Undergrad: 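What follows is a structure written as structure tokens; I'll ask about it next.
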Amino acid sequence: MDSATIYTPEQEEQMVQDAFREVLDGYLASNHRKKVEIIERAFKFAKEAHKGIRRRSGEPYILHPIAVAKIASQEIGLGSTSICAALLHDVVEDTDYTVEDIERHFGAKIAQLVGGLTKISGGIFGDRASAQAENFRKLLLTMSDDIRVVLIKMADRLHNMRTLGSMAPNKQYKIAGETLYIYAPLAHRLGLFEIKTELEDLSFKYEHPAAYADIEAKIKDTESHRNEVYADFSTPIVERLKAMGLEFEAKARVKSVYSIWNKMQTKHIPFSEVYDLYAMRIVFECDREEDENEMCWKIYNAITSIYQKHPDRTREWLSTPKSNGYKALHVTVMGPDGNWVEVQIRSRRMDETAEKGFAAHWKYKIGEGDEESELQIWLQTIKDILEDPEPSAIDFLDTLKLNLFASEIVVFTPSGELWTLPAGATVLDMAFNLHSELGSHCIAGKVNHRLVPLSQELKSGDQVEVLTSQSQMPQPQWMQFLATAKAKTRLRKALQKSRQPTVLKGKKALDAFLAENGIEESNNIVTKLLGLFHVSNLDELHYQLGSEQVILNDYVLKTLKRRSEKESSESFLKKILRIGRGSSANSKTEAKEASEPALPEAMPVNMKETYILRYDSDGANFLLADCCSPIPGDEVLGFVGDDNRVTVHSLTCPRAAVLKASYGPRIVATRWERVEGKFLAHVRIQGIDRHGILQELTQMISNHLNMDIRRLNIAAEDEVFSCDLWVRVAAATVVEDLCAKLRKVDGVTSAARIY
């Protein structure tokens, strides 16, 4: 609906009726049992409940639940119970009706779904991180009772993303960040590939509008050339399959805008060097499900008789499908233009399952049954996390996310039992996944009868035996050996148990300190302490106090009693630790801190407006995040701390993704303006080594480009060199210009900024 157009009440009523008719028509065309009467009652109930209410875009509010119901039905494939719940999902949250009212009118099952959706109506956002973690835990616990709750929530999120343009910039950042961090991976895990791709692209579009438009334009510009290359590649394959008498569809699948950008970022390459822009997909018709695997291998043999296959890039998910139900055979072959091309081989049934998830399952089933049963295996993988009594918000979300986007391997116990683990899993992962006690006492493993350390990474097909010793105790450094959420959670519990006496000692010390100085413990006090000592949760603070890694002193006391702290927590922490250890101040550090621009008095930040980033002779009104070190010109967001200081993170920073998902209300949109300082940028240069190349590079940077080199590391091996360079620059465009000039130096194959 165009908010600029004014509609009469009659026209709006017709739009609502037309939208609902589309929901009904789609439902009637499905294989679900036809329960039209209850759907119509739910529509009328919701329409009356939301009467007179409008969305921010100006349209009648009832169009939102209708759209959610349509997505749940036609894009996810749910039945009448879910359609009714989708139509009613905001009634309890936004009107005077209760869950009990819903139960009286529509029965216990629909009321249960609406109640579950109401509990998680805020997504995982809240004012405090603990509230967000708890909210998302509610979603997952409800999900284990009835999977349809999270599927309807996914439909709700997809429609919100499709209509995000009417929201304020800071709301767009907040919702897009949460979507990319949690909902897109969750859609992937649920087998909803089309929805996952759309959520990623929409999130990217609102977070990086310029980059999105640029890549979209380049995809369009290269379309004709790409079609020519694909035609050259696919023609021999199509002719061979036709000669075999197969009925099939062959098409090029172009990477999504987000996946192209993601590859450019992770590989530090321009668009022109993303060679796998497309993959070929072959979808064949097969009447008998039991014949599908054999057909996949016949097509595979035909393709590899035409083109040379890559020795390490055949992926077989036929005998052991992914945990989200994905089945296919992938092979990568060398095309006539010298580039590797992936070919995905699927039956029609496999293709629909891969793209539509549940919608495909229901195409082959008659009648509404237990939709949630498909996902019970996956739900078991998060059971331990849900039972963990007090995770920090950041740890909780990060641990959960570990298993959402993971590629999978299949390994075996000595008795032949099959275990599916994420790629990168180790012997220690296997031990903890088998049992907490096995993990806690693991000393090594045997992989294919060969003795290996507990950090050994596993591969598909490995036979794994875990070796233990009762004298072995869990170690904090084991965390770096783990790739699975379950193992990380179980190790964390084991470590908590072993360090509990120290934690209790630290808690007593903190309680005594606060009591002696007349300070009442509160969320604000705890947050300030966590920030000062750079720890993620109260348990870790207690441990560090109990083990005397940090101490409580006059500096801490003054900070807690002062309403506005002028120092950054980073420099203040250094003072605390220096005094705590009884050492003298480091003169170089003092000089460095003295040379940094002073921060003016922090003023309250208006979260609804774009925050203007300034840095001049009067000082800076922002702090630069150490984790990503952004520079003027980068796409950034602001995070508002308890002291009203705005810390600037690059939008590509992993920490920023966590902050958006965990502290949404503290995120503010930003814009660079009047920035006069110099900032440190890291550039990596790689190429073919030759005599004098280092001297040529440094002379060009310092003399011709007049840049200040702060640090240089270079290493050469087997005629190939790699150089890490740190220079002081005024803006991101200067770094881009530098990289472009460096790439023109004879022997340099790549030059890119490292974030």
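For this chain, numbers begin at 1 and follow the sequence in order. All figures in this text were calculated on a predicted structure; none of them were measured in a lab.
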Undergrad: Looking at Val427 and Gly445, what are the two nearest heavy atoms and their distance?
TA: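 For Val427 versus Gly445, the nearest heavy atoms are CG1-CA, 3.9 Å.
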Undergrad: Check whether more than 12 heavy atoms from other residues, nucleotides or ligands sit under 6.0 Å from atom CE of Met473, and answer yes or no.
TA: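 No, not enclosed.
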Undergrad: Evaluate the side-chain contact (heavy atoms from CB on, under 4.5 Å) criterion for residues Leu180 and Phe204: first the C-alpha distance (whole Å), next the side-chain angles of each, then the deciding distance (0.1 Å), finally the verdict.
TA: CA-CA 8 Å; Leu180 195 59; Phe204 177 54; 5.9 Å; no
Undergrad: Applying salt bridge (Lys or Arg N to Asp or Glu O under 4.0 Å), name anything that partners Lys255, two or more places apart in sequence or on another chain.
TA: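 Salt bridge (Lys or Arg N to Asp or Glu O under 4.0 Å) check on Lys255 returns Asp276.
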Undergrad: Report yes if some heavy atom in the side chain of Glu200 is under 4.5 Å from a heavy atom in the side chain of Asn262; otherwise report no.
TA: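 Not in contact.
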Undergrad: Please round to the nearest 0.5 Å and tell me the distance separating atom OG of Ser203 and atom OH of Tyr183.
TA: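 So the OG of Ser203 and the OH of Tyr183 are separated by 12.0 Å.
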Undergrad: Which atoms form the tightest heavy-atom contact between Ala187 and Ile195, and what is the distance?
TA: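 Ala187 and Ile195 have their closest heavy atoms at CB-CG2, 4.3 Å.
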Undergrad: In Å and rounded to the nearest 0.5 Å, what is the CZ to CG distance from Phe513 to Asn553?
TA: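 Rounded to the nearest 0.5 Å, the CZ-CG separation comes to 7.0 Å.
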Undergrad: Spell out, as yes or no, whether a donor-acceptor pair under 3.5 Å connects the side chain of Gln544 to the backbone of Gln549.
TA: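 No; judged by distance alone, with no hydrogens or angles, the pair does not exist.
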Undergrad: In Å and rounded to the nearest 0.5 Å, what is the OG to CZ distance from Ser629 to Arg753?
TA: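 If I round to the nearest 0.5 Å, the distance is 8.5 Å.
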Undergrad: Looking only at heavy atoms, what is the nearest atom pair of Ile175 and Arg157, with distance?
TA: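 So the two residues come closest at O-NH1, 3.5 Å.
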Undergrad: Evaluate the side-chain proximity of Leu467 to Leu451: yes if any heavy-atom separation is below 4.5 Å, no if none is.
TA: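 Yes; the side chains approach each other to less than 4.5 Å.
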Undergrad: Please tell me if the side chains of Asn293 and Met350 come closer than 4.5 Å, counting only heavy atoms from C-beta onward.
TA: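 In contact.
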Undergrad: Glu548 vs Lys505, test: side-chain contact (heavy atoms from CB on, under 4.5 Å). Steps then yes/no.
TA: CA-CA 10 Å; Glu548 298 182 357; Lys505 179 183 174 184; 4.1 Å; yes
Undergrad: Side chains of Phe432 and Thr489: does their closest heavy-atom pair fall under 4.5 Å?
TA: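 No, too far: nothing below the 4.5 Å cut-off.
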Undergrad: Test side-chain contact (heavy atoms from CB on, under 4.5 Å) on Gln686 and Val720; report intermediate values, then the result.
TA: CA-CA 8 Å; Gln686 294 176 311; Val720 174; 5.9 Å; no
Undergrad: At their closest point, which heavy atom of Tyr258 faces which heavy atom of Asp201, and how far apart are they?
TA: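 That would be N-OD1, 2.9 Å.
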Undergrad: Considering residues at least two apart in sequence or located in another chain, which fulfil the ring-ring contact (aromatic ring centres under 6.0 Å, His included) criterion with Trp478?
TA: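 If we apply the ring-ring contact (aromatic ring centres under 6.0 Å, His included) test to Trp478, skipping adjacent residues, there are no hits.
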Undergrad: Taking CD in Gln500 as the centre, count heavy atoms belonging to other residues, nucleotides or ligands within less than 6.0 Å. Is the count above 12?
TA: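 Buried by this count: over 12 neighbours within 6.0 Å.
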Undergrad: Measuring only between side-chain heavy atoms, which start at C-beta, is Tyr300 closer than 4.5 Å to Thr314?
TA: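 Contact flag for Tyr300/Thr314 side chains = yes.
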Undergrad: First locate atom OG1 of Thr332, then atom CD of Glu342, and finally report the distance between them rounded to the nearest 0.5 Å.
TA: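 If I round to the nearest 0.5 Å, the distance is 5.0 Å.
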Undergrad: Donor-acceptor pair, distance only, cut-off 3.5 Å: does the side chain of Asn713 make one with the backbone of Asp724?
TA: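 Judged by distance alone, no pair lies under 3.5 Å.
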Undergrad: Kindly write out the residues that satisfy ring-ring contact (aromatic ring centres under 6.0 Å, His included) with His682, not counting sequence neighbours, or none if the list is empty.
TA: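 Listed in chain order: Trp726.
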Undergrad: Quick check: do Thr426 and Gln456 have side-chain heavy atoms less than 4.5 Å from each other?
TA: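 No, their side chains stay 4.5 Å or more apart.
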Undergrad: Name all residues meeting the ring-ring contact (aromatic ring centres under 6.0 Å, His included) criterion together with His330; count only those two or more places apart in sequence or in a different chain, and write none if there are none.
TA: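 Applying ring-ring contact (aromatic ring centres under 6.0 Å, His included) to His330 gives Trp317, Tyr326.
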Undergrad: Do other residues, nucleotides or ligands put more than 12 heavy atoms under 6.0 Å from the NZ atom of Lys263?
TA: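 Yes, enclosed.
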Undergrad: According to salt bridge (Lys or Arg N to Asp or Glu O under 4.0 Å), who are the partners of Arg253, at least two apart in sequence or on a separate chain?
TA: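 Per chain and number, Arg253 pairs via salt bridge (Lys or Arg N to Asp or Glu O under 4.0 Å) with no residue.
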Undergrad: Would you say the side chain of Ile443 lies within less than 4.5 Å of the side chain of Leu454, judging by non-hydrogen atoms?
TA: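 When only atoms from C-beta onward are counted, Ile443 and Leu454 do not touch, as no gap falls below 4.5 Å.
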Undergrad: Can you tell me how far the CG atom of Asp429 sits from the SG atom of Cys442, to the nearest 0.5 Å?
TA: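 Here the rounded value is 10.5 Å.
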Undergrad: Show, in sequence, the C-alpha distance, side-chain angles and deciding distance for Leu158 and Met154, and conclude whether the side-chain contact (heavy atoms from CB on, under 4.5 Å) test is met.
TA: CA-CA 6 Å; Leu158 180 57; Met154 195 68 68; 6.0 Å; no
Undergrad: Applying ring-ring contact (aromatic ring centres under 6.0 Å, His included), can you list everything that pairs with Trp340, at least two apart in sequence or on another chain?
TA: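 With neighbours one apart ignored, the set is His310.
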Undergrad: Would you indicate whether the side-chain heavy atoms of Trp297 and Glu316 approach each other to under 4.5 Å?
TA: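 SC-SC contact between Glu316 and Trp297 confirmed.
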Undergrad: Grab the two heavy atoms, one from Gln475 and one from Leu495, that are nearest each other, plus how far apart they are.
TA: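 Closest approach of Gln475 to Leu495: C-CD2, 3.8 Å.
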Undergrad: Which pair of heavy atoms, one from Thr647 and one from Leu624, lies closest together, and at what distance?
TA: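 Minimum heavy-atom contact is CG2-C, 4.4 Å.
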Undergrad: Kindly compute the distance separating CE (Met430) from CG (Asn433), expressed to the nearest 0.5 Å.
TA: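 Taking CE in Met430 and CG in Asn433, the distance rounds to 8.0 Å.
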Undergrad: As a test of understanding, state which of Val466, Thr484, Leu482 forms a side-chain contact (heavy atoms from CB on, under 4.5 Å) with Leu428.
TA: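 Of the listed options, the one satisfying the test is Leu482.
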